[in-house]
Structure formats: C-alpha cells, structure tokens
Amino acid sequence: MTHDGNAPVGAEVSSPPAGSAAPALPQESPAGSASGGTPVALRNDCPQPVPGDGSRPASADGGQPAGGSSFHEMWRELLPVGRHPDSRGYRRYAWTGADADCRAWFREQVEARGLAYEVDRNGNQWAWLGDPAAGDAVVTGSHLDSVPDGGAFDGPLGVVSSFAALDELRGRGARFAKPLAIVNFGDEEGARFGLACVGSRLTAGQLTVEQAHRLTDGDGVSLPQAMEAAGYDPEAIGPDPERLARIGAFVELHVEQGRALDLSGDRVGIASAIWPHGRWRFDFRGEANHAGTTRLTDRRDPMLSYAETVLAARREARLAGAVATFGKISVEPNGVNAIPSLVRGWLDSRAADQETLDTVVGGVEKAAREYATAHGVDLDVVRESFTPVVEFDHALRDELGRILGKDTGLTVPVLGTGAGHDAGILSGSIPTAMLFVRNPTGVSHSPAEFAAEDDCVAGVRALADVLEGLACR
C-alpha cells in the first residue's frame, strides 16, 4: 500500500506480499567474524565467548557475568521465532502469529525477573522495575518485529540487550534511584501496514487515531481488525502524554546499519542524529500498446523514462554524498507482450542535511521530467512521506559519552545514521539517545545482517554502564 501523505515515516518500510502474514527468520551466523580493532571504551573488558558449545564468557574472577550469560540464553531462545525455512530471513509482522510468539517471549522474560508487566493502549509492552508513577524513569528497549525476510539483529538486539543489561546491573549489586523500564514497541518496521513506528507514533501523537484506523495490509485487513484478532482493543489507541511525562530518558541500543564502527575498529558507538529522509512516488504515464507490432518510433513507453530516472537517482546521490533508491515499482498492465501504460516507482532518499536532500530529490525530479518529455510521457511526482532531521538530545548524548569513557578516558565514536528508529520518533517528546553495536558486514534488513557475539556482549556492558549512570545511586 502507499503511505498516507499526511503521515511521515521514520524508518525503512517494505510491504510483504498478500497472504504472507505467517512467521519467518534467518540462520544464526557464526561468531568471531567481526573485524579487529581497538574496542570502545567500556568499564568492563568484554571476553570472547566460544560459540556453539554452550559455553559462556567468564568474568575476571572466574565467575559468570550475569549480562553476558543471560544474553546468550535469551538470544538462542528467540532466534528461531518467525524464521522462514527457505529464505532464513525473519517475517515477524505486526499482530501475526510470529509477533504473538515474540510478545509471549517478552512477557516470559519480564515475569522471570519479577518485573511488573504492562501493555499500553497502543499495544506496546513494558517491563517495570520500580514505581512508574514516581516519574523521571530511565527507559531502554527497541522492537521485535521485522521487515520481510529481515535479519535477526535489527530490533531484537536492543530488547535482548536491555534484559541482559538489567541482569548485569543486578549482578553488580546496583541500587536504583529511579524507576527503570524495558519496552518492546509494536510495529516498528511497518512491514504489514506500510507505516513505520506505529506504536511509538501513536504514543507520541504523531499518528492520529483516524490515520491509524485507515491503515490496511496487502490482504485488505485493517489495523483495528488485526489488533482485535490478536486480542487487543483498537478503540483504545491514541496519544499517551501521561506515560511520556513519566520518562526522563530513553536509550535505545541497535545494531549499526552500516560499517562506520567496523571501519573505525570500535565495538560500540553513540548516535548523533538521524538524517532527514522521505519517500516520493513517481508516476510515469504513457500509452499501452502491442510489444510486437508497435514501431519503436511510435511508442510512448513510460518504462524508458523510469529506467533513466533510476540511473539519475544514483548519479545525483553519488554527487551529493547522499543515498537515493528506487526499491519498489508497479507496472500496468504488467504484461510481457504489452508496452506499459503506467510505471509507478517509489524513491527513498536520505542525506545528512536538508539542503543536500532537497538537492538530490530536486535533481532526480528535474531529470525525470526531461526524460518524460523526450519520450512523450506524462509525469506526476507526489511526496508521500517526510521526516526532518532528528538531533538526539545533546546533553544526554554527552552524558553517555562521559559514562562510557569514565574509567579509560577514551572517546566513544559519535555517528549519524540514515535509518529511522523509535528513539527518533520519541525525541520530540522526551530526551532520547542511541547506542550502536558494530556490524562487520554493514548489511541490514537482510538475513546476512550480523554482529559478533563478543560485540553483542560489549553492547550489553555499555548499556548496563549507561543505565547505571542514569538510574542508579
């Protein structure tokens, strides 16, 4: 489906094919394939686990570090959920069986730790340590859903690491001065209904109830129908300012969706900002005709204009140091032996700043109109969604850097990202920050997405240090 033009999108979205609401996931990658380099400044060294034999990383005194041990156990439990047997990628779509299994896993983790379990009005899951009403809570977490045939790490790494970080802090004997919560935001990827970050958008009031009720999947099932079928009340959804008012800081850990940390040799980094980004629909309208009898000179073929525009997008992005992608296309009448009457393509473009993004998109549209004119084709360009730059809270970001460099004096790398996240959505309402864990391949939204086990445990330690610095005495 296409996005409501009034509803901005803050993360990658891809619609699954009709009838694909069943679960799926990727194969666990072997550990130890991360590139070398100097580890990020952490308050505890991160030992190398031995994969595959059930061993756990040992602490300096020979004991088991709670965070590292529980991370491995939880990761292996969650890994098979929603994995497709053929693609080995994940199909954890919102309000499906695979999503229900993930949500059940989350609740099990909550109850196993004696935390208070809660589902808010928008279907987001919460685990509370301490009284939420006390206010100034420190919250961490991410999401458990996936893009079609996505990777194992995007989202789940943040949720698993949050529980493991709490275990680590309890193992340290930490005393909490503020309430602590772990959250699983619903429908972050937007794979089923075509809009990303639905759970956090509803909570922050960035998606109206009316807009949410109009969302449908590839089978025509509406969001309210899907929620009701899953046992939740769709009439309760909407803004949740009282909940947000209780939160003093939200820190989301996420696998890096790029190779900046791999190139710098660091295991963990801090996010600076999310690039401005948007989606534009290009409609090239020509004339349908017979592919075998229409002379080339008599054709009004919109596919030619579209193809040239795809190349123009690559050229404009390369010249500007940005990214631009035509990743989705719709063709009418879509016959092998027919010249198309309509080629509709969706452009996704992102850049480090608004001026650069405007230059790229403007350049692509200018080229597209020139190609359309040359081929006798009409062109309409519609901006379907847009999200401006998100600057994470500078004071909170600086505090994370101070905490992580406390004992070593080393500087933790700070990097921007072109991917959207729940933390970006919430940044307009509460102070937010993000930690990134090294991805040696740079691949994301693919079964090839990967992070080495020792880097994952380093992320747990970093998150535990941050939570201790923000929430403990």
Side-chain angles (χ1 to χ4, degrees), residues 42-44 66-67 70-71 106 109-110 113-120 124-143 155 157-185 199-200 203-204 240-254 268-271 390 392-406 412 421-437 459-473:
L42 298 178
R43 292 167 61 181
N44 296 284
S70 63
F71 176 88
F106 183 93
Q109 302 308 314
V110 176
R113 289 164 175 79
L115 307 174
Y117 177 74
E118 180 186 13
V119 179
D120 67 23
N124 304 310
Q125 294 179 291
W126 298 79
W128 285 95
L129 177 66
D131 182 9
D136 200 25
V138 176
V139 179
T140 186
S142 190
H143 63 94
L157 180 63
V159 177
V160 173
S161 295
S162 296
F163 284 115
L166 174 58
D167 296 341
E168 173 76 18
L169 290 177
R170 282 175 160 175
R172 296 178 187 177
R175 300 175 61 194
F176 293 87
K178 299 177 181 179
L180 178 71
I182 297 170
V183 61
N184 168 35
F185 282 111
S200 56
T203 300
D240 203 345
E242 292 183 1
R243 178 176 302 276
L244 293 177
R246 298 173 179 173
I247 301 174
F250 173 61
V251 180
E252 180 176 5
L253 180 144
H254 204 279
V268 177
I270 299 173
V390 173
F392 288 112
D393 187 88
H394 288 196
L396 182 57
R397 183 184 69 194
D398 293 345
E399 180 65 5
L400 263 61
R402 185 196 66 77
I403 292 170
L404 294 181
K406 180 179 178 182
V412 180
H421 302 280
D422 290 312
I425 298 298
L426 298 180
S427 66
S429 304
I430 57 177
T432 63
M434 291 191 71
L435 295 174
F436 290 128
V437 172
V460 170
R461 301 291 179 79
L463 182 59
D465 288 345
V466 165
L467 296 179
E468 185 175 30
L470 296 176
C472 298
R473 293 184 178 88

Quick check: do [X] and [Y] have side-chain heavy atoms less than 4.5 Å from each other?
| X | Y | value |
| --- | --- | --- |
| Glu399 | Leu470 | yes |
| Val412 | Leu400 | no |
| Val183 | Gln125 | no |
| Leu253 | Leu157 | yes |
| Leu463 | Thr140 | yes |
| Phe436 | Val268 | no |

Does [X] use its side chain to pair, donor to acceptor, with the backbone of [Y] at less than 3.5 Å?
| X | Y | value |
| --- | --- | --- |
| Arg170 | Arg113 | yes |
| Glu118 | Trp126 | no |
| Ser427 | Phe392 | no |

Measuring from atom [atom1] of [X] to atom [atom2] of [Y], what distance do you get when rounded to the nearest 0.5 angstrom?
| X | Y | atom1 | atom2 | value |
| --- | --- | --- | --- | --- |
| Arg397 | Leu435 | CZ | CG | 13.0 Å |
| Leu180 | Ser162 | CG | OG | 8.5 Å |
| Asp120 | Glu242 | CG | CD | 12.5 Å |
| Asp136 | Lys178 | CG | NZ | 4.0 Å |

Exercise. CZ of Arg473: more than 12 outside heavy atoms within 6.0 angstrom?
Worked result: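 Yes.
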
For this session: If the plane angle is over 60° it's perpendicular, under 30° parallel, otherwise tilted; pick one for Phe250 and Phe185.
Result: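 The rings of Phe250 and Phe185 stand perpendicular, inter-plane angle above 60°.
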
For this session: Return the orientation label for the His143 and His254 ring planes: parallel under 30°, perpendicular over 60°, tilted otherwise.
Result: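 His143 vs His254 ring planes: tilted.
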
For this session: With side-chain hydrogen bond (donor to acceptor under 3.5 Å, both in side chains) as the test, would you mind laying out the steps for Asp422 and Ser142 before giving the verdict?
Result: CA-CA 7 Å; Asp422 290 312; Ser142 190; 5.3 Å; no

Problem set entry | Pair Phe163 and Phe106, ring centroids less than 6.0 Å apart |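 Distance test on ring centres: under 6.0 Å, yes.
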
Using every non-hydrogen atom in the two residues, find where [X] and [Y] come nearest and quote the distance to one decimal.
| X | Y | value |
| --- | --- | --- |
| Leu115 | Ala127 | CD1-CB, 3.8 Å |
| Pro179 | Gly135 | CD-O, 3.5 Å |
| Leu244 | Ile430 | O-CG2, 3.4 Å |
| Ala471 | Val138 | CB-CG2, 3.8 Å |
| Leu404 | Ala462 | CD2-O, 3.5 Å |
| Ser70 | Asp167 | OG-OD2, 2.8 Å |

Exercise. Under 4.0 Å between a Lys/Arg side-chain N and an Asp/Glu carboxylate O for Glu168 and Arg172?
Worked result: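 Counted as a salt bridge, because a side-chain N and a carboxylate O are separated by less than 4.0 Å.
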
Exercise. Just checking, any donor-acceptor pair under 3.5 angstrom between side chains of Asp393 and Thr432?
Worked result: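 The criterion, which ignores hydrogens and geometry beyond distance, is not satisfied for Thr432 and Asp393.
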
